[in-house]
Amino acid sequence: MNKSTIKTLISEKEGENGCSRQYVKLANENGVVCIDSNTSSSNTRFRGIKHLFSSVFLPQGYPSSVSDDYLEYQIWDTIQAFASSLSGSLSTRAVLEGVGVGSSTSTPLAATLMWLIKDGTGMVGRILFAWCNGTKLDADSKKWRFFADLLNDCALSLELCAPYAVAAVGGSNGAMTGILCVSGVAKSIVGVAGGATRAALTQHQARQGNLADVSAKDGSQETLVNLAALITSLWLLPFLDGSTKMTWFSFFLFTLLHVFANLKAVKAVSMETLNRTRYMLILKQFATSKDVPSVKVINRLEPVVIGLIPTEKDVCGYRIELGSSIKAIASNKNLENQLAIYSDRNFALIPDSVTKTIYIIYRQECTSEEMLESYSHAVLAAMLASGYAVSGMKPVAEGDISGALLRMVKDSCWKELQNGLVNQGWILNHSLLGPGEWRVSWSKDI
């Protein structure tokens with residue numbers, strides 16, 4: 001057919017990877033003809049299966065509707081969920097054996113009471129953990145996600161030991177109740193930390209206001225994985241029945257895979273928001289070379305194991321308190337002079353040389369970007385006062401943080417740092433520094 005006799009009226013495409021069609025009008029004919037981009041039966045069948053899988057398990061508009069790290073994270077998350085489900089099957093069998101299933105000496109009432117006590121202690125643990133750490137889960141979601149999965153493995157290990165502990169004390173219900181209570185508290189903490197951090201990660205992944213869709217599809221993926229693990233367990237448990245060594249060997253392998261996959265999953269996440277750990281890594285590099293590392297580089301360097309995460313004191317020699325009360329330093333004789341330095345800002349730095357702490361106070365109207373600026377001032381000033389060299393700034397004698405040092409830091413490098421952060425894709429209008437709720441008013445004419 002001569003192309004000159006065809007006039008394309010409309011072209012359409014379903015998403016990024018869906019089928020495409022052209023609606024054309026033929027010369028000297030009435031009506032419009034639809035032409036599919038690929039009409040072979042094999043390709044149509046393949047595309048149909050692929051489209052069905054995508055619509056069931058992936059967010060609408062994938063991959064443009066989610067973050068770039070979505071696929072890598074979900075792959076490792078699927079592996080860890082599968083391994084955890086298999087470990088859970090082994091521990092469940094051990095718990096049922098520990099409470100007396102199959103034993104003529106056990107009563108339904110005793111088992112029910114143990115279960116109720118376990119659930120009750122777990123509820124208390126859930127409330128206490130959320131009270132103590134709820135505000136920290138957003139700022140360090142990767143750390144707490146990894147912590148939750150490690151704690152879950154510890155709880156499963158404890159449950160797997162239940163039959164041996166009960167046998168060691170002559171079948172006492174007290175031992176089993178204690179084990180169930182401890183594991184119940186641990187699993188409740190896992191539920192809080194895991195659920196809250198999953199919400200934070202889902203918010204990061206959703207890029208088109210599709211938070212609910214991303215969360216729902218993540219649930220579908222997890223359900224499919226758990227179903228696969230359940231089918232595997234139906235074969236595995238009879239195979240391992242009666243073999244203690246093989247049971248522990250299998251549990252060890254599943255746990256090892258679970259920890260490894262979890263570590264790879266959280267390391268795959270590249271969050272563009274700045275928490276204290278990521279920001280400190282950036283400021284260390286900036287202080288050395290005036291360069292701002294990329295989002296991917298910093299996220300790969302960010303430690304996720306509790307105990308290995310550096311504090312401000314490790315990096316710059318001072319603790320930094322954000323948005324806290326200045327009651328502890330209200331008698332500072334230099335307080336008025338330090339407030340005067342920042343009379344034109346919505347924040348002020350109040351160093352305390354006795355406790356090696358920098359208090360950052362905020363006005364009510366202080367923005368997230370200004371909080372990031374104040375934190376950079378505090379870290380760089382503390383580094384200079386602690387004897388570290390900072391590129392582009394005049395070295396100072398090691399000692400207390402003076403007013404002159406604060407003025408030098410305040411007037412020197414924020415614009416350059418700000419431009420570098422924006423150019424590397426960091427988000428400045430929202431931060432995860434975790435400031436306190438105290439806000440201060442002071443005269444701008446002080």
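Hydrogens, waters and symmetry mates play no part in the numbers below; they use all other heavy atoms, side chains included.
Salt-bridge annotation for Arg145 and Asp149: present, with a side-chain N of the basic residue lying under 4.0 Å from a carboxylate O of the acidic one. Between Glu272 and Lys296 no salt bridge is recorded (no basic side-chain N to carboxylate O distance below 4.0 Å). Under 4.0 Å is where a charged nitrogen must lie from a carboxylate oxygen, and between Glu302 and Arg300 no such pair does. The pair Glu159-Lys187 counts as a salt bridge, with a side-chain nitrogen and a carboxylate oxygen less than 4.0 angstrom apart.
Taking the six-membered ring where the residue is Trp, Phe129 and Phe147 present parallel rings, their angle staying beneath 30° rather than reaching 60°.
Residue-environment remark: CG (Asp291) exceeds the threshold of 12 foreign heavy atoms within 6.0 Å. No more than 12 heavy atoms of other residues, nucleotides or ligands shown are found within 6.0 angstrom of NZ on Lys264. Atom CD of Glu416 sits in a crowded spot, with more than 12 heavy atoms from other residues, nucleotides or ligands closer than 6.0 Å. Taking a 6.0 Å sphere around CD of Gln424, one finds it holds more than 12 heavy atoms contributed by other residues, nucleotides or ligands. Around CH2 of Trp438, the count of heavy atoms belonging to other residues, nucleotides or ligands within 6.0 Å does not exceed 12.
Between the side chains of Asn226 and Ser85, at least one donor N or O lies within less than 3.5 Å of an accepting N or O. When only modelled atom types and interatomic distance are considered, Ser67 and Gln205 share no side-chain donor-acceptor pair under 3.5 Å.
Of the residues listed (Trp442, Trp414, Tyr342, Tyr362), the one engaging Phe347 in a ring pair (Phe, Tyr, Trp, His ring centres under 6.0 Å) is Tyr342, and it is the only one.
The shortest non-hydrogen separation linking Tyr70 to Pro59 is OH-CD, 3.4 Å.
With Asn275 contributing its side chain and Arg278 its backbone, the two residues share a donor-acceptor pair below 3.5 Å.
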